[in-house]
Amino acid sequence: MSEQIKEYPGTSLRESDFAEGRVIHNEWKPNARYAWDAGVAIGRYLHELKKGRLIGVRCDECGRLVIPPRVFCEWCFLPMDDWEYLPDTGTVNTFSLCYVTWDMQYLTEPQIPAVIDIDGTSPYVGIMHMLGEVDPSDVKIGMKVQAVWKPAEEREGSILDIKYFKPV
Amino acid sequence: MSRSVAIVGIGYTSFRPLSPEVSYKELMYEAAVKAYHDAGVDPRSDVESLVTVAEDFLEGTSIFDEYVPDQLGGILKPNVTIPGDGIHGLATAYMQIASGLFDIVAVEAHSKASNVLTLPYVTAYAMDPVLNRPLAANPVFIAGMEMTRYLWASDATREQCAAVVAKNKRNALYNPAAAYPADLSVEDVLNADWLSYPLTDNDASYHADGAIVLVLAADDVARSLSNAPIWIRGIGWCNDAFSLETRAWGRAIYAEEAGKMAYRMAGIRNPMEEIDFAEIDDTYSYKELQHLEALGFCPLGQAGYLAEEGATDVGGILPVNVSGGSLGCGHLLDASGLRAVAMAVMQLRGEAGPRQLTDVETGLAFGWRGVPTTSGAAVVLGK
Amino acid sequence: MRMRNVKRKVAVVGAGMTRFVRRAQETAPELAFEATRMALDSCELDVEQIDAVVHGTAPDAFDGVHMKGEYLSDGSGGWRKPYMRCYVGGGTGVFTPIHGWYQVASGLFDICLVVCEEKMSSCQPHPQGAFLTIFDHTTERPLGPNLLWIFAMEMNRYMHTYGLKKEDIALVSVKNKRNAADHPCSLLGDANITLEDVLNSEVLAWPVQRLDVSPVSDGAVALVLAAEHVARRITNKPVWIEGVGWNLDTTYWTNRDLCYPRYVENAARMAYDMAGITEPRKQIHIAEPYDPFDYKELHHLEGLMLFDRGKAPEATALGITQRDGDLPVCPSGGLLGVGNPIAAAGLMKVAELFWQLRGEAGARQVPGQPRRGVAQAWGDLMQVGAVIVMGA
Amino acid sequence: MAILNKVDKLHEAIAWQGDIPIQSRYTAGIAGERFFREIKDNARIVGTVCEECDLVYVPARMFCERCFAELDEWVEMPSHGSVFTYTILFRDLDGEPLEEPAVLAYVKLGDGDGGLVHYLGDVDPEDVEIGMEVEAVFKDAAERRGSILDIAYFRPFAF
């Protein structure tokens, strides 16, 4: 039947239709604000970040050592409380050179988000963070990196207590 | 016809105003562990599909579906999120089994209402953005307007509505999981501060955090897993007009239609005679009455008398919200319906402890999605 | 598998869609109405004859309405009917007809409407603001991530693992945007686009460039599903839903290798088992894999087991996936060409199979009377596979 | 086995704060465009008619939710009608007490099927009742933007 339909519905507007008042519209901000309970695992993660340390947790059943920590092994569905400190070094698993921010502002110098496999964890276990102190054209998958921490007095118990990871 | 489907496992956390000791994932995990233990199943090897009930803006996360599989044992399995009442989630699990696709399905719903700092704003964000939201009114006004029309159109009085509150909060005294048990008089309810006339603060349920997981299984699988499978005899759901300008203000049409569908399937002709007890949405006091009428337990406009005469008390002919309902247990957002189902299953199994009813064979649970919706779902459960 | 217990056959008997546009004047319920009305008209049914309605739509932050399934209920034909929304992120568009399938297959209903709608233009200043909030609120959102990051990182991992170049991948964008030139609803169809156009487009998040990406769009699509005994009365050309499958991988996307979508493979295996497909490369004649970014089509063709891992780019270069190739892929023009109103875009793929398998796709019709097709969508944090197999 | 330990000291409990930082822009739609233009330009309320269902939709809609017909027959409605239901609201969106309780009502216009949800003004809340006749108070033409707020409120009305 699609071949028989001549006119499909749907009225296309231009941005100028709004700016120049040709189309009736209104705006609203949802004011949706939250305080999410960090709970056991992420609570501990944040406390340790404030101390300048990365911590993971191991499953006694399958032996996986993971970060970010969780209180259960998603593969074995068993509780985990075998906490282990991890080095703040790792390997770039993948990365991007991003020239736009989350709200689509353009950047001349790219942000470099990466998945960093943390040393000492099981294969393919990492976290997302930023790379810094590196020329964008030098970033490679497989590159060894280390966390650059904020000074202790500025740390708040946040993933941002690590400023970025830099090549080692 | 379809395969029969039973609930073979239930797990829930206690319901409470705050839950800072666990994250939402940990809350869900606890309920899941309990449900799988109760059902005697291993989620990794036995559960074939999972259904979660959630809404993005109640979680503070877009695409909350991302965050559900791990703590339910569901990774690399079929999972789906139903933005509906818990009983819509239950219906989804039911259909997945009845279609022949799966034998064992788990359904989960939870509330971290305490984590939503601006809940009235979030609820207002559910209103029509052009016609209604610009009024910038606390959306509880919709319940106030509905109650006014209901009281006008029915024989019910504010006192009878208050009797519902007193009953449900008193019932909650016998439920260790309830967040808001109280021994209130009708006068206490009537004399509370106004919320949105004719509603007082005590006519409305307060929020609670909590999680519920149910395990469903087909036919013989259910019988092999459980000595006391609780069968889903009938299930139904319906939306009335969403628009504030075209909905039926005095009547809960969504409940009438959802009930009809569930009763048709369960072969129920006279609900008052064939159903032994009910766990029915009581987000607001008048809602229990409005829903009782809609679900066919009495003629339209007459439910107030049931409350006044004690017919819906624990010792009455139709005990309603013996668990304490949302008024007593705390309102669990969209998990409220699944809480009602879990409580009904406990009654049918004879595991309701100090609030156990005698000789119950058939129970009804009904959930409503709250203002500003006209969305409800009903399930008839039987031994 | 336990699929042996599936007893009832379900068919698609009608379809409708709006144009996909950058900014629609219609409200979200009006868009849904337009598509639904067309779907009903296409099979000459009245809304009174519909037993149940299912709706699919992605983040509420796009349309800008909390509980937006409720808001969309009347426009989807849900008035005083059993109505239920389902939601698996970007996979929603292909999952929604699956949600409709089991409503009918369970025996509860005979005729079910399936409606998907998205109005992304409501989200200001840009839908990327909503995408920020798909990331973990505590461990990831403080970094200020956007959706391009994860696509770019997944694409980079895919290219690195299989030694692929940008030009191997950009061919997908060229093919789909050219195919879309024949689609009357398309937003970015372009019969004359070249590989150079894609390779020279602005870099957004290397390796992702502007023309590697599908456009933000508004639109709606609707299907009518019917049980076998009813379907044959409604139409003499029902298109059967032969297999359904879906699957969700772990939330911890930084704890797995992104080079291969194992969740798509799982979903495909489930759907193929149900459809009795043992050799997908021979038994499937047409594919509509999810292509919000060009590399995703390749990734998904591999997950669907239609090509070996890392080999879909080669097949694309050989023209196998062209509309007149051995395995036409995204003959609709896909998300890259027709547009990407998330859930509606996924359902558009299923509608395309419906039209193709009935021989009604007009200028887009693939030659040789295809008998069986597969549509697939993907979503969440690179996590969801939803797969549907349809046969004439 | 469930969780082995939980946060058991309040000072160790962390609540991470954030929001969904978007704003939304809504078109009035195909029917809404004309509906609000009439309010803005002419201080007039219009509806659409479904012949099949014998219904008048106010606010105007492009489709009948019952029979799913596309509606293109427009009618002008009176800007007065009667209170179908109402409430006296005591809380604002933050959940705090309103300085002055607000009366909100669903006003059915004319003897039609539809109407508008809006504030009532120029009335003692105690005097409001179902069936009360009220009329729309439009803002001055210069202040009207094509919004439901172009009507300031409804107030008691005597024929």
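None of the values given here were measured: they were computed from a predicted structure. Proteins come first, then strands; the chains are lettered A, B, ... in the order of their sequence lines, and each starts at number 1. Just so it is clear, the values below take in all heavy atoms, side chains as well, and ignore hydrogens, waters and symmetry mates.
- Atom CG of D/Asp54 is surrounded by 12 or fewer heavy atoms from other residues, nucleotides or ligands within 6.0 Å.
- Contacts of A/Ile42 with chain D are absent, with no heavy-atom separation under 4.5 Å from either backbone or side chain.
- Contacts with chain D were tallied for A/Glu27, A/Met80, A/Arg44, A/Arg33; A/Glu27 has the most, counting heavy-atom pairs under 4.5 Å.
- Contacts of A/Phe72 with chain D are absent, with no heavy-atom separation under 4.5 Å from either backbone or side chain.
- Counting non-hydrogen atoms of neighbouring residues, nucleotides and ligands closer than 6.0 angstrom, the NZ atom of D/Lys139 exceeds 12 such neighbours.
- The candidate with the highest count of non-hydrogen atom pairs below 4.5 Å against chain D, out of A/Ala35, A/Gly21, A/Ala38, is A/Ala35.
- The environment of CD in A/Glu15 is crowded: more than 12 heavy-atom neighbours from other residues, nucleotides or ligands sit within 6.0 Å.
- Around the NZ atom of A/Lys29, the shell of radius 6.0 Å holds no more than 12 heavy atoms that belong to other residues, nucleotides or ligands.
- Note: A/Pro30 leads A/Gly39, A/Gly157, A/Pro30 in heavy-atom pairs under 4.5 Å with chain D.
- Neither the backbone nor the side chain of D/Ser147 comes within less than 4.5 Å of any heavy atom of chain A.
- Residue A/Glu154 qualifies as enclosed at atom CD: its count of foreign heavy atoms under 6.0 Å is above 12.
- Counting heavy-atom neighbours within 6.0 Å of A/Tyr124 OH, excluding the residue itself, gives a total of 12 or less.
- Counting heavy atoms from C-beta on, the side chains of A/Pro79 and D/Leu4 come closer than 4.5 Å.
- In this structure, chain D has heavy atoms under 4.5 Å from both the backbone and the side chain of A/Val23.
- Only the backbone of A/Arg22 comes within contact range of chain D, with heavy atoms under 4.5 Å apart.
- Of residues 12-23 of chain D, those residues lying under 4.5 Å from chain A by any heavy-atom pair are D/Glu12, D/Ile14, D/Ala15, D/Trp16, D/Gln17, D/Gly18, D/Asp19, D/Ile20, D/Pro21, D/Ile22, D/Gln23.
- Among the residues in residues 32-41 of chain D, those with a non-hydrogen atom closer than 4.5 angstrom to a non-hydrogen atom of chain A are D/Glu33, D/Phe36, D/Arg37.
- Atoms CG and CG, on A/Asp81 and D/Asn5 in that order, are 6.0 Å from each other to the nearest 0.5 Å.
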